[in-house]
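Just so it is clear: chains get the letters A, B, ... in the order the sequence lines come, proteins before strands, and each one is counted from 1.
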There are 2 protein chains.
Amino acid sequence: MPTTRERRLDVAPSPETAPRTLVQDVYQRLRSDIIYGELKPGKRLRAEHLKGLYNVSGATMREALALLVADALVISREQRGFIVAPVSIADFTDITETRATLEAHAVRMAVRQGDDEWEVNLSGAFHRLSLAEERRAYRQNDDYWEECNKKFHEALVAGFDSPWTRYFLTILYRQSERYRRIALNNAPPERDVHAEHVAIFEAAMARDEVTVGALIEQHIRATLDVILSVETAVVSSNDS
Amino acid sequence: MPTTRERRLDVAPSPETAPRTLVQDVYQRLRSDIIYGELKPGKRLRAEHLKGLYNVSGATMREALALLVADALVISREQRGFIVAPVSIADFTDITETRATLEAHAVRMAVRQGDDEWEVNLSGAFHRLSLAEERRAYRQNDDYWEECNKKFHEALVAGFDSPWTRYFLTILYRQSERYRRIALNNAPPERDVHAEHVAIFEAAMARDEVTVGALIEQHIRATLDVILSVETAVVSSNDS
DNA sequence: GCAAGACAAAATCTCGAGATTTTATACAAA
DNA sequence: TTTGTATAAAATCTCGAGATTTTGTCTTGC
């Protein structure tokens, strides 16, 4: 069952994301509910049903759904309403490969172009992530760790001044996060993620362009490998 | 398990299929008007004004505008309405570089993975483009040539089975097209575009991965160079 | 028994008006 | 002159109901 504002604030209390319009608010709540898997892949999103849950009108709900189509988290079928984007192994494979290519390129460029400010922010993001990884003791679905991990990846590519690359990477990261949460709910990772982060961080600070690119690609592909090996049934839910 | 691809990453409904909803219709018309430069960069998009021009209600107009935000052709400013995305040299540079990187990678992969069907379609698209280029005698804003050119680029990357890559390339191609139409209205290109296409096509058919990648990057960057040298004033218009 | 067609129910899509927020103008005080 | 405030105007944002399309079910005919 979809939630809720409180829960989103728990996760990301960033003040700049506080939505000032109902459309923005509903958009963020829906996006969160989809990424968190509370709205299952393939589920129909009927305005009549959702408008009660989110306390807005049908037109407002429609506009929010239109925004989610941009992120490819919702699919619009002409004259037949909206559904949550289905999931598949093929799709996640494509997301992973595309992201690996783009992010590796971005990180290589960041290593080449990043200034002092980039190093400082990256160092900070890495430290916060390290703290979170020591503390979490491999709990799954750790929202705080998820936030730190995202920030670390953002800090890595921040040295590469390309808004378009960052825009695409943001979309792909959200997609990846959804697959992680859906597929790895009960499957602990067999790998030492922290060690991978350490290696990436050190290669970046050493300005080792080739190594950092290779490590990032490997790092991104590792989650796909885990999911493929777990072979968790990636099933769509029916509509309610 | 839904390995079906559906149409989830379609940026737009196929141009030949007439849109079945008003929202889709207005979305396509607005997008065309923006790319063709009839709606100037920075121009405010007031629902009250536009609903008269496009004969729809404010709510429908809003939903269409929300879809355009996805393509980054329209920018939504909270509580202050929508505007046509502004243009800048920095933005076009970023678009060009990102597209060069992505498309070069896609074409290299296509050369590596493309099957007979890919070769056949590419050959056809190239031939049609060649005919259009002989015929057009360097007229500017040739819609038919523009269509053939787009089809040729699509056919090139089609051999690489990555919906996400194609999705991003479609967005970037539209952005590039807008800049071409805005900036090159009265500036004939100094280069032999057809010769570039011939070289790219031959390298692709020869399965020369390295050459075709280099040529594509060069080809995409060439338009940026022309625009930079022309130094057409890229100005925003005021609101009406 | 199976296919085709018609009616009914449900869902989506669209609209015009009202509520909320932003922007512009006028006026007074320092 | 400049600053700040209050009022008015304009634009955006939101809603609930009606129109259009799709979906499900039943009947009819072969």
**Study point:** Atom-pair distance (NZ on A:Lys51; C1' on C:dA10), nearest Å
**Key:** 14 Å

Check your understanding: Expressed in angstrom and rounded to an integer, what is the separation of B:Asp25 atom CG from C:dC15 atom P?
Key -> 11 Å

Practice item. Using a strict cut-off of less than 4.0 Å between a Lys/Arg side-chain nitrogen and an Asp/Glu carboxylate oxygen, indicate whether A:Glu154 and A:Lys150 qualify as a salt bridge. Key: no

Check your understanding: How far apart are the closest heavy atoms of B:Gln24 and B:Leu67, and which atoms are they?
Key -> NE2-CD1, 4.4 Å

Is there any protein nitrogen or oxygen under 3.5 Å from a nitrogen or oxygen in nucleotides 10-13 of chain D, and what are the pairs?
unit_1, atom_1, unit_2, atom_2, d
D:dC13, OP1, B:Gln79, N, 3.0
D:dC13, OP2, B:Arg62, NH1, 2.4
D:dC13, OP2, B:Arg62, NH2, 3.4

Review point. Which of these, A:Ile216, A:Thr165, A:Val107, A:Leu122, sits in a side-chain contact (heavy atoms from CB on, under 4.5 Å) with A:Val157?
Key: A:Val107

**Study point:** A:Asp94/B:Arg166 ion pair, N-O < 4.0 Å
**Key:** no

Review point. Are a donor atom and an acceptor atom from the side chains of A:Ser57 and A:Thr60 found within less than 3.5 Å of each other?
Key: yes

